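Source: prediction; values computed, not measured.
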Amino acid sequence: MKVISITNNKGGTGKTTTSYNLGAALANRNHKVLLIDLDAQCNLTIAAGVPTTGRHIGELLLGEAGFDEVVVKKDGFDLLPAHRMLLSYEYRINTEPDSGFFLSENLEGKDYDFVIIDCPPSLGSLTVNALVASDYFVVPMQGENFAYVGLDEILQLTAKIRRRMNPRIKLAGILFNRFDMRTKFGQMVLQKLMQNPMVRVFETSIRQDVSLMESTAFAQSIFAYAPDSRGASDFSKLCDELLELYGEEKIQQ
Ligand SMILES: Nc1ncnc2c1ncn2[C@@H]1O[C@H](COP(=O)(O)OP(=O)(O)OP(=O)(O)O)[C@@H](O)[C@H]1O
Ligand SMILES: [Mg+2]
């Protein structure tokens, strides 16, 4: 089982879009996939067409519900849904000893091939739980100026987690979303990022595509909603790149 967190403390960079469609791409390749929505906005839960009023990940983390009570089985993947009240659960999780390990403990012994975690746009204890449970993390990023400032915070947090809580965690890559790396500005941003030896950038980037926005509104993956779209082609390529990296163990420490 490989656990992958999709994380960026900046809002609206494409975390949910990536979680959902990367999960769908892996499921299309016959992998057994679990998606986890760790965001009180519940965007992934809604995109998956699952009600946000049922049992949820917050209850699982605090031991108020078991895995089998919370998990929702959909066509092609399973989901641990979020809930609007997740922030108050995060607050309560904070007050418990060793609370960073709650998610990893709940994933122990599960027989999924891939677990994809959609993180909230913050670096609080829910994101810490995600990173402690993960083998890899992916950082979707829009290429605007100073995007890399937030990246330092993520890399500092993951370095601490690697030292103290989870030596396995590795950066799978930064994923450019809605951004053309081939422009002069794109190259400048890329160069700035590559000055940090810890950084790896996916060759695949996700182009702007209105079908990506529409598909989530219709609670469908991009492959079901618009299989011939640019979005479907980009996420399929991303999935191949990730599987190749994982196979070749090239993912950086
Ligand atoms: N490549 C793209 N082309 C077109 N629309 C996109 C693309 N990527 C994301 N979007 C749209 O941009 C919005 C933000 O994307 P998304 O919800 O995936 O970001 P997020 O990082 O999960 O946001 P938050 O931080 O609020 O959780 C959504 O409406 C989504 O449909
Ligand atoms: Mg989101």
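- Cluster membership check: V115 does not share its hydrophobic cluster with L242, using side-chain heavy-atom separations under 4.5 Å among Ile, Leu, Val, Met, Phe, Trp and Tyr.
- Heavy atoms from other residues, nucleotides or ligands lying under 6.0 Å from OH of Y91 number 12 at most.
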Show which side-chain atoms of residues 205-212 pair as donor or acceptor with protein atoms under 3.5 Å away, not counting sequence neighbours.
residue	atom	partner	partner atom	Å
R207	NE	D234	OD1	3.3
R207	NE	D234	OD2	3.1
R207	NH2	D234	OD1	2.8
Q208	OE1	R178	NE	3.2
D209	OD1	S211	N	2.9
D209	OD1	S211	OG	3.2
D209	OD2	R230	N	3.4
D209	OD2	G231	N	2.8

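- Residues I36 and L22 fall into different hydrophobic clusters, defined by Ile, Leu, Val, Met, Phe, Trp and Tyr side chains chained together at heavy-atom separations under 4.5 Å.
- P121 is listed as a side-chain neighbour of K15, based on a closest heavy-atom distance under 4.5 Å.
- Across C42 and T52, no two heavy atoms sit closer than the pair CB-CG2, 3.6 Å.
- In plain terms, the two heavy atoms of S125 and I93 that are nearest each other are OG-CG2, 4.3 Å.
- Taking the side chain as every heavy atom from C-beta outward, F185 and F179 approach each other to under 4.5 Å.
- In this structure, K160 does not pair ionically with E153, as no charged nitrogen and carboxylate oxygen lie closer than 4.0 Å.
- Rounding to the nearest 0.5 Å places CD of E203 at 8.0 Å from CD of E244.
- Between L62 and R92 the shortest side-chain heavy-atom distance falls below 4.5 Å.
- For the side-chain hydrogen bond (donor to acceptor under 3.5 Å, both in side chains) test, residues two or more places apart in sequence or in another chain that qualify with D111 are K32.
- Between the T216 side chain and the A47 main chain, no donor and acceptor come within less than 3.5 Å of each other.
- L155 places a side-chain heavy atom less than 4.5 Å from the side chain of V199.
- Residues V132 and I169 form no side-chain contact, since every pair of their non-hydrogen atoms from C-beta on lies 4.5 Å or further apart.
- Judged purely by atom type and a 3.5 angstrom limit, E59 has no side-chain atom pairing as donor or acceptor with the backbone of V70.
- Across G23 and V33, no two heavy atoms sit closer than the pair O-CG2, 3.7 Å.
- Counted by atom type alone, D37 and T45 present one or more donor-acceptor pairs between their side chains at under 3.5 Å.
- The shortest non-hydrogen separation linking C119 to A130 is SG-CB, 3.6 Å.
- Counting only residues at least two apart or on different chains, the ring-ring contact (aromatic ring centres under 6.0 Å, His included) pairs with a member in residues 223-244 are F218-Y225.
- Nearest approach of I222 to A232, heavy atoms of both residues: CG1-N, 3.5 Å.
- The closest donor-acceptor contact from the side chain of N166 to the backbone of R162 lies at 3.5 Å or more, if one exists at all.
- Among residue pairs with one or both ends in residues 14-52, those qualifying as ring-ring contact (aromatic ring centres under 6.0 Å, His included) are H31-F114; sequence neighbours excluded.
- Applying the ring-ring contact (aromatic ring centres under 6.0 Å, His included) rule to pairs touching residues 47-66 yields H56-H83, H56-Y89, sequence neighbours excluded.
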Without placing hydrogens or testing angles, list every side-chain donor-acceptor pair under 3.5 Å for residues 186-198, not counting sequence neighbours.
residue	atom	partner	partner atom	Å
Q187	NE2	M181	O	2.8
N196	OD1	M198	N	2.8

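- Using a 4.5 Å heavy-atom cutoff, the side chains of L34 and L107 are in contact.
- In this structure, L35 is a member of the same hydrophobic cluster as V72, with clusters built from ILVMFWY side-chain heavy atoms closer than 4.5 Å.
- Although no hydrogens or angles enter the test, the distance criterion places no donor-acceptor pair under 3.5 Å between the side chain of T7 and the main chain of V139.
- The shortest distance between side-chain heavy atoms of F102 and E96 falls below 4.5 Å.
- F101 and L60 are not part of a single hydrophobic cluster, where members link through side-chain heavy atoms under 4.5 Å apart.
- Around atom CZ of R84, no more than 12 heavy atoms belonging to other residues, nucleotides or ligands sit under 6.0 Å away.
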>> Determine whether R200 and E241 satisfy the following criterion, salt bridge (Lys or Arg N to Asp or Glu O under 4.0 Å), listing intermediate values before the conclusion.
In response: CA-CA 13 Å; R200 169 178 193 284; E241 191 181 343; 3.4 Å; yes
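- With no hydrogens or angles considered, a side-chain donor-acceptor pair links D118 and T16 at under 3.5 Å.
- Summarising the geometry of R29 relative to A25, their closest heavy-atom pair is NH1-O, 3.0 Å, with the distance given to 0.1 Å.
- Heavy-atom contacts from other residues, nucleotides or ligands closer than 6.0 Å to CE of M1 number more than 12.
- Residues I117 and L131 do not share a hydrophobic cluster, clusters being chains of Ile/Leu/Val/Met/Phe/Trp/Tyr side chains in contact below 4.5 Å.
- N177 has its side chain out of reach of T18: every pair of non-hydrogen atoms, C-beta onward, lies at least 4.5 Å apart.
- A donor-acceptor contact shorter than 3.5 Å is absent between the side chain of N9 and the backbone of I154.
- With rounding to the nearest 0.5 Å, the separation of OG in S233 from CG in L238 is 11.0 Å.
- A cation-pi arrangement is not found for K170 relative to F137, the charged atom failing to lie both closer than 6.0 Å to the ring centre and inside a 45° cone about the ring normal.
- The backbone N or O of S99 sits less than 3.5 Å from a side-chain atom of N129, completing a donor-acceptor pair.
- No side-chain donor-acceptor contact under 3.5 Å links Q220 and S215.
- Between the side chain of S221 and the backbone N or O of A224, at least one donor-acceptor pair lies under 3.5 Å.
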